[in-house]
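The structure under discussion appears below in the form of structure tokens.
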Amino acid sequence: MAKENYQDSHLYKIRHSTAHVMAQAVRDLFPEGEAKIAIGPPIDNGFYYDFDLPRPLTPEDLEVIEEKMRQVLSADHQFIRRELSAEEAREIFQDQPYKQELIDGLEEGGVDEYGEPIEETPVISIYKHDDFVDLCRGPHVESTRKIEPDAVKLLNVAGAYWRGDENKPMLQRIYGTAWENQEELEDYLHRLEEAQRRDHRKLGKELNLYSTDPEVGSGLVLWKPQGAIIRHLAEEYCKDEHLANGYEFVYSPHIGKKSLWETSGHLTWYQENMYSAIEIDEEEYFLKPMNCPFHIMMYKDDLHSYRDLPLRWAEWGTVYRYERSGVLHGMMRVRGFTQDDAHIFCSPEQMPEEIDRVLNFCLHILRGFGIQEFHAYLSTRDPNKSAGEQDLWDDATDALQAALERADLNYALDEGGAAFYGPKIDLKMIDALEREWQLSTIQFDFNLPERFDLTYVGEDGAQHRPYMIHRALLGSMERFIGVLIEHFGGAFPLWLAPVQAVMIPITDRNIPYVNQAAQRLREAGIRVEVDDRSDRMGAKIRDAEKQKIPYMLVVGDREEEAGTLAPRLRSGEQLDPLSVEDLLTRMQKEILEHQQI
RNA sequence: GCCGACGUAGCUCAAUCGGCAGAGCAGCCGCUUUGUAAGUGGCAGGUUAUGGGUUCAAGUCCCAUCGUCGGCUCCA
């Protein structure tokens with residue numbers, strides 16, 4: 001739903017109004033004046049409200065609050081708007097320090113009551129329902145009667161900084177959801193449950209793809225065979241495509257001397273995200289948080305002519321970054337990960353075409369994995385923290401924008417969101433719970449070529465500064481496979497499935513025939529297993545379904561006599577019996593499909 | 001890092017008020033030879049995350065550490 005439509009919708013008003021009712025209920029849970037209320041906007045799929053309370057809220061509190069809300073909602077309390085002066089508002093909210101701060105902001109102008117910047121001069125208004133008054137721009141439903149009590153549910157309590165600033169007090173945030181009717185609420189809760197089934201952490205365990213261990217360390221992923229084969233296949237496909245698209249591969253070490261990271265500026269700008277120094281022979285080394293300095297040193301090892309450019313150097317480079325403990329998340333946000341990194345060195349003239357190439361290559365790769373939907377962002381310069389000449393920035397930003405438009409991508413502008421060293425395009429995917437994860441990034445760098453004094457000899461015989469583009473298409477193997485697990489809900493397409501087919505003999509009599517057929521498939525490169533346990537077929541099918549194996553090949557006496565296999569797909573669909581050769585043809589065709597996009 | 005919740009067998013979970021650590025699945029050993037989502041009997045499996053404390057007695061209460069989850073902040 002487009003944001004504008006949502007903000008004008010009835011549902012938006014319902015959620016906004018429900019947030020007020022929740023704040024009222026929370027206020028009533030505490031002695032007068034002890035509950036300080038902050039802000040409570042509608043969000044996608046619900047609303048929240050932030051409070052500063054004398055004690056932490058418990059799940060039991062949520063039930064009490066919900067019950068109180070139902071009482072208020074089943075009565076007919078009008079939402080009444082009134083505009084007033086800052087002076088009068090301060091009087092009304094005299095025991096509410098957070099509201100006082102909001103009123104100050106509104107009076108100064110330039111921000112709305114949520115602290116978001118706005119163009120127009122804000123009008124200060126309050127909304128009152130029952131005995132609860134809140135500073136609010138609205139809009140609201142006419143009356144609490146317009147909200148269905150059975151379509152409201154409080155979900156959880158979380159911490160949130162006042163005004164999103166980690167130097168400000170930590171408040172308690174209650175998340176809730178509200179819908180037009182009970183059926184919609186239940187649909188939503190059902191969708192949430194479904195989404196949780198797709199969580200890569202859950203599937204990672206069920207499908208035995210990866211693990212982590214406190215003894216190894218937080219945010220360090222152990223790729224088990226079933227996960228490693230998926231990664232291997234993904235890498236193999238990508239690497240072949242890189243070679244076919246004008247890239248060369250390089251390798252670089254995992255550590256580098258302190259002086260390297262001083263020159264690159266990482267020790268100045270990035271040290272808090274780096275693992276601490278390793279000292280040996282009175283020399284300090286650091287684990288690499290990025291691959292760029294190494295690729296740059298390789299560039300510097302030779303004298304380059306304009307005829308050599310562009311150079312496209314790729315590396316599946318494993319980097320280590322200290323991520324704060326609270327941000328770690330399954331495979332999606334980790335401390336050690338392998339980027340499908342590349343650096344492109346080109347002349348200024350080549351730059352627009354290179355950007356185009358990279359973006360198209362990126363889209364090609366993602367489509368090869370069946371990924372069609374993502375959110376594209378163009379991040380532009382923050383004048384307060386950036387290196388490089390403005391006209392260089394303008395050229396680069398124009399090139400990125402032009403490439404996005406030529407590729408016919410919808411994108412959002414993230415103004416001032418660029419890194420200090422250059423503008424960028426990011427592609428983000430959403431996970432099962434609609435959280436965004438950045439995968440692809442195409443970044444300009446006006447900084448490192450300067451710092452390392454990179455040059456090439458131009459047609460004119462003079463030294464010129466090359467342009468440098470950092471890019472990662474999958475982002476990191478950890479995050480990408482994590483996203484992919486959720487994208488497919490664990491049911492990987494045939495080419496990526498760890499086990500592509502399982503042979504299911506109905507009786508032990510059929511095992512020799514089945515082994516023979518399996519051998520033929522294996523020789524043809526199919527990853528096949530034989531389930532020769534003395535279990536019933538039904539149990540074997542159940543296990544294969546749980547492992548989301550694409551092909552179940554049932555063989556009983558009938559098939560054996562006819563020289564066929566009876567395939568069942570994981571969708572439950574049963575195909576007509578096929579000979580091994582016909583099955584192989586079918587599977588091989590299906591395996592290659594992803595490359596023909 | 002911050003706020004909150006949580007941590008019991010490989011997995012999913014029980015264990016009343018602080019009073020004998022238990023089940024299903026998975027595993028192993030049998031029996032069963034099966035026709036499209038769980039055949040059946042037995043065996044084994046535990047320093048209740050780790051370390052301290054309170055108590056006659058701790059999975060349960062307290063403290064610390066580690067880890068996980070939900071958010072926030074961050075994400076060159």
Side-chain angles (χ1 to χ4, degrees), chain A residues 48 50 52-53 55-59 155-175 196 199 201-202 205-206 208 211-219 264-266 268-274 289-292 319 321-330 332-333 339 379 385 417-422 424 426 428 433 435-438 441 443 445 447-448 470 472 475 479 504-511 532-547 552-559 566-570 572-575:
Chain A
Y48 67 79
D50 287 346
D52 188 353
L53 304 172
R55 63 168 176 85
L57 290 166
T58 64
L155 299 174
N156 56 334
V157 188
Y161 297 109
W162 167 235
R163 298 231 139 153
D165 181 341
E166 65 179 319
N167 300 310
K168 295 201 161 124
M170 175 68 68
L171 308 176
Q172 295 189 68
R173 172 172 297 179
I174 304 178
Y175 283 96
Q196 278 156 7
D199 191 310
R201 292 163 301 185
K202 191 171 160 63
K205 203 172 269 182
E206 288 170 5
N208 209 12
S211 65
T212 55
D213 193 301
E215 202 152 353
V216 174
S218 283
S264 71
H266 285 95
T268 309
W269 298 100
Y270 203 62
Q271 187 163 20
E272 60 180 29
N273 284 293
M274 292 169 66
M290 295 184 198
N291 304 298
C292 348
V319 297
R321 298 182 185 175
Y322 172 74
E323 298 283 358
R324 297 209 276 179
S325 59
V327 308
L328 300 173
H329 185 96
M332 304 287 214
R333 186 96 180 255
Q339 298 178 301
S379 299
K385 47 162 197 169
F420 79 89
Y421 52 72
K424 60 175 181 169
D426 291 328
K428 303 185 187 188
L433 290 172
R435 291 174 289 219
E436 269 192 346
W437 295 101
Q438 180 186 314
T441 186
Q443 308 186 349
D445 193 330
N447 183 50
L448 290 178
H470 309 254
R479 180 174 291 180
I504 300 180
I506 290 181
T507 74
D508 290 352
R509 287 192 297 284
N510 309 115
I511 289 178
D532 56 7
R533 295 174 302 172
S534 70
D535 255 319
R536 290 190 178 175
M537 178 193 60
K540 297 181 184 182
I541 286 179
R542 182 167 192 272
D543 289 347
E545 287 281 357
K546 281 170 72 178
Q547 288 300 303
M552 286 156 254
L553 305 169
V554 176
V555 174
D557 294 340
R558 287 207 297 270
E559 287 73 23
R568 173 198 161 105
L569 307 182
R570 63 188 159 195
E573 186 191 349
Q574 281 177 56
L575 306 180

(message) Whole angstroms only, please: what is the CE-C1' distance between A/Met274 and B/C75?
(response) 16 Å
(message) What is the distance, to the nearest angstrom, from the CE atom on A/Met537 to the P atom on B/A37?
(response) 7 Å
(request) Would you check if the side chain of A/Asp543 reaches a backbone N or O of A/Lys540 as a donor-acceptor pair within less than 3.5 Å? (result) no
(request) Starting at atom CD1 of A/Ile174, determine the distance to atom P of B/G70, rounded to an integer number of angstrom. (result) 19 Å
(request) Please state how far atom CD1 in A/Ile541 lies from atom P in B/U34, giving the value in whole angstrom units. (result) 16 Å
(request) Select one nucleotide: of B/G70, B/U36, B/G39, the one nearest the side-chain heavy atoms of A/Ala566. (result) B/U36
(message) Counting the atoms with a prime plus P, OP1 and OP2 as sugar-phosphate, which does A/Asn273 contact under 4.0 Å by heavy atoms, base, sugar-phosphate, or nothing?
(response) nothing
(message) I'd like to check A/Arg568 versus A/Glu545 (side-chain heavy atoms, cut-off strictly below 4.5 Å). Are they in contact?
(response) yes
(request) At under 4.0 Å between heavy atoms, which parts of nucleotides 1-17 of chain B does protein reach? Answer with one letter per nucleotide, 5' to 3': B base, S sugar-phosphate only, - none. (result) BBBS------SS-----
(message) Between A/Arg321 and A/Pro289 (side chain of the first, backbone of the second, donor and acceptor by atom type, cut-off under 3.5 Å), is there such a pair?
(response) yes
(message) Taking pairing as Watson-Crick or G-U wobble with both contacts under 3.5 Å, can you name the mate of B/C6, or confirm there isn't one?
(response) B/G67
(request) Nearest whole angstrom, please: distance from the P of B/C74 to the CZ of A/Arg321. (result) 17 Å
(request) For the side chain of A/Asn156, starting at C-beta, report the closest nucleotide among B/U36, B/A37, B/G70. (result) B/G70
(request) Rounded off to whole Å, could you give me the CD-to-P distance for the A/Glu436 and B/C75 pair? (result) 15 Å
(request) Tell me whether the OP1 or OP2 atom of B/U32 has a side-chain N or O from A/Ser534 closer than 4.0 Å. (result) no
(request) Measure the distance from CZ on A/Arg536 to P on B/C31 and round it to the nearest whole Å. (result) 17 Å
(message) Counting only side-chain heavy atoms from C-beta out, which of B/G71, B/U33, B/G67 sits nearest to A/Tyr175?
(response) B/G71
(message) Between B/G51 and B/A14, how far apart are the two P atoms, rounded to whole Å?
(response) 25 Å
(message) Measuring to OP1 and OP2 of B/G67, would you say a side-chain N or O of A/Arg201 lies under 4.0 angstrom away?
(response) no
(message) Tell me whether A/Lys428 is salt-bridged to A/Asp426, with the criterion being a basic N under 4.0 Å from an acidic carboxylate O.
(response) no
(request) Would you indicate which nucleotide in B/G70, B/G35, B/U33 comes nearest to any side-chain atom of A/Glu559? (result) B/G35
(request) State which of B/A38, B/G67, B/U33 makes the closest approach to the side chain of A/Arg542. (result) B/A38
